[in-house]
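When a residue number appears, it is its place in the shown sequence, counting from 1.
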Amino acid sequence: MGPLLRLSLHQLAGRTRLVVVVLLAALPVVLTGIIRAVGNSNPEEFAGGILDVMLVAAILPIVIMALATAAFGHEVEDRTLSYLVLKPIARWRIVAPKYLAVLLVGGPLLIVSAVVSTLIALDGDIRAAAAVGVAMLLGVAAYSSIFTWAGLMTRWALGFALVYVFLWEGLLSFYLGGIRYLSVRGYSLAVMYGIDEGSLEELGAKAIELPAAIGGAVGVTVLFLWLTVRRLRRMDVP
């Protein structure tokens with residue numbers, strides 16, 4: 001798996017893509033710093049605005065979408081996927097390095113961005129920063145599995161991902177509370193609130209139960225990784 005992981009990291013960490021990812025990850029930190037500098041920040045506005053609307057609902061899924069849908073995209077587009085699947089190795093050994101590459105390229109940047117933004121906004125609140133870091137890790141893992149599967153299912157994975165993020169995770173999960181039990185955004189917000197209800201009280205109205213959120217995030221991750229392996233076994237590769 002080592003050579004495939006290195007190849008996948010090289011593919012995903014291209015200069016243009018990496019610059020865009022870094023800029024998006026830096027945006028919450030810069031904005032939080034500006035808000036604190038002008039003295040207009042408060043915990044409620046930070047939780048509802050920066051954490052939810054900007055980080056969890058927008059930047060997190062967009063960054064992972066751009067990376068994960070391309071995990072198999074190069075092989076599908078240039079028709080070299082057949083060279084991978086013809087090798088006498090288990091299909092999960094092909095999926096695992098692709099998935100890990102997405103986590104390694106996007107995960108640290110997003111988690112550090114969220115943690116640093118929280119520390120700036122909440123005067124170095126370690127518990128709140130830890131809660132946000134754990135929630136972002138679960139969100140990265142879940143979104144990576146969903147969009148890696150989508151990238152293997154269709155050449156229009158990016159379009160599917162955009163519709164999914166802005167319709168299901170954005171619009172519907174905001175207005176229909178029950179959808180939060182099937183929403184990565186809902187899981188992420190619930191983990192933040194469940195670990196630190198005091199500093200992140202603003203998220204309480206949007207949060208489901210903590211055990212349901214953790215179970216849902218883990219379940220989604222495992223399910224879509226399994227679906228990706230299953231797809232790789234059954235698809236017709238030219």
Side-chain angles (χ1 to χ4, degrees), residues 1-29 55 58-116 133-158 160-162 164-165 184 188 217-218 220-233 235 237:
M1 291 193 298
L4 184 54
L5 176 59
R6 289 192 292 272
L7 174 63
S8 301
L9 288 171
H10 178 73
Q11 290 173 335
L12 295 181
R15 180 176 299 177
T16 302
R17 182 182 288 113
L18 195 58
V19 167
V20 172
V21 169
V22 170
L23 289 176
L24 285 173
L27 187 58
V29 178
L55 260 170
I59 293 177
L60 167 61
I62 288 173
V63 166
I64 298 302
M65 174 198 339
L67 295 171
T69 56
F72 281 99
H74 298 281
E75 286 81 6
V76 171
E77 288 179 5
D78 59 21
R79 297 180 181 273
T80 58
L81 186 59
S82 58
Y83 295 108
L84 292 179
V85 299
L86 287 175
K87 292 182 178 181
I89 58 175
R91 294 296 181 260
W92 70 267
R93 290 181 176 271
I94 299 175
V95 172
K98 292 290 187 179
Y99 177 71
L100 286 174
V102 178
L103 296 184
L104 291 173
V105 175
L109 290 170
L110 290 169
I111 293 169
V112 169
S113 171
V115 168
V116 171
V134 172
M136 291 295 288
L137 176 59
L138 290 175
V140 167
Y143 275 130
S144 296
S145 67
I146 294 171
F147 296 143
T148 300
W149 167 79
L152 200 55
M153 287 294 294
T154 175
R155 293 183 180 181
W156 296 277
L158 196 57
F160 160 80
L162 285 169
Y164 168 78
V165 167
V184 178
S188 300
V218 172
V220 164
T221 302
V222 172
L223 172 62
F224 278 92
L225 285 176
W226 176 79
L227 288 173
T228 304
V229 174
R230 183 174 181 267
R231 170 63 176 169
L232 197 59
R233 287 173 181 162
M235 68 185 299
V237 180

As an exercise, state the distance from [atom1] of [X] to [atom2] of [Y], rounded to the nearest 0.5 Å.
X      : Y      : atom1 : atom2 : result
Thr148 : Leu103 : OG1   : CG    : 8.0 Å
Leu18  : Leu23  : CG    : CG    : 9.5 Å
Leu60  : Ile111 : CG    : CD1   : 9.5 Å

Check whether [X] reaches the backbone of [Y] with its side chain - one donor and one acceptor, N or O, closer than 3.5 Å.
X      : Y      : value
Thr228 : Phe224 : yes
Tyr99  : Ala71  : no
Ser145 : Ala142 : yes
Arg17  : Gln11  : yes

Looking only at heavy atoms, which two atoms of [X] and [Y] are closest? And how far apart?
X      : Y      : answer
Leu5   : Ala101 : CD1-N, 3.8 Å
Leu4   : Arg93  : CD2-O, 4.2 Å
Gly107 : Val140 : CA-CG1, 3.9 Å
Leu104 : Pro108 : O-CD, 3.3 Å
Gly139 : Ser188 : CA-OG, 3.8 Å
Val115 : Gly133 : CG2-CA, 3.8 Å

Exercise for the section: Kindly determine whether Leu223 and Trp149 satisfy side-chain contact (heavy atoms from CB on, under 4.5 Å), including the steps that lead there. Expected result: CA-CA 10 Å; Leu223 172 62; Trp149 167 79; over 6 Å; no
[Y] and [X], any side-chain heavy atoms less than 4.5 Å apart:
X      : Y      : value
Leu225 : Trp92  : no
Tyr143 : Leu67  : no
Ile59  : Pro28  : yes
Val105 : Val21  : no
Val102 : Phe147 : no
Leu110 : Ile64  : yes

Handout entry: Test ring-ring contact (aromatic ring centres under 6.0 Å, His included) applied to Phe160 - qualifying residues, sequence neighbours left out
Key =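 ring-ring contact (aromatic ring centres under 6.0 Å, His included) check on Phe160 returns nothing, list empty.
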Problem - Contacts of type side-chain contact (heavy atoms from CB on, under 4.5 Å), residue Ala217, not counting sequence neighbours - result: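 By the side-chain contact (heavy atoms from CB on, under 4.5 Å) rule, Ala217 matches Leu138, Tyr187.
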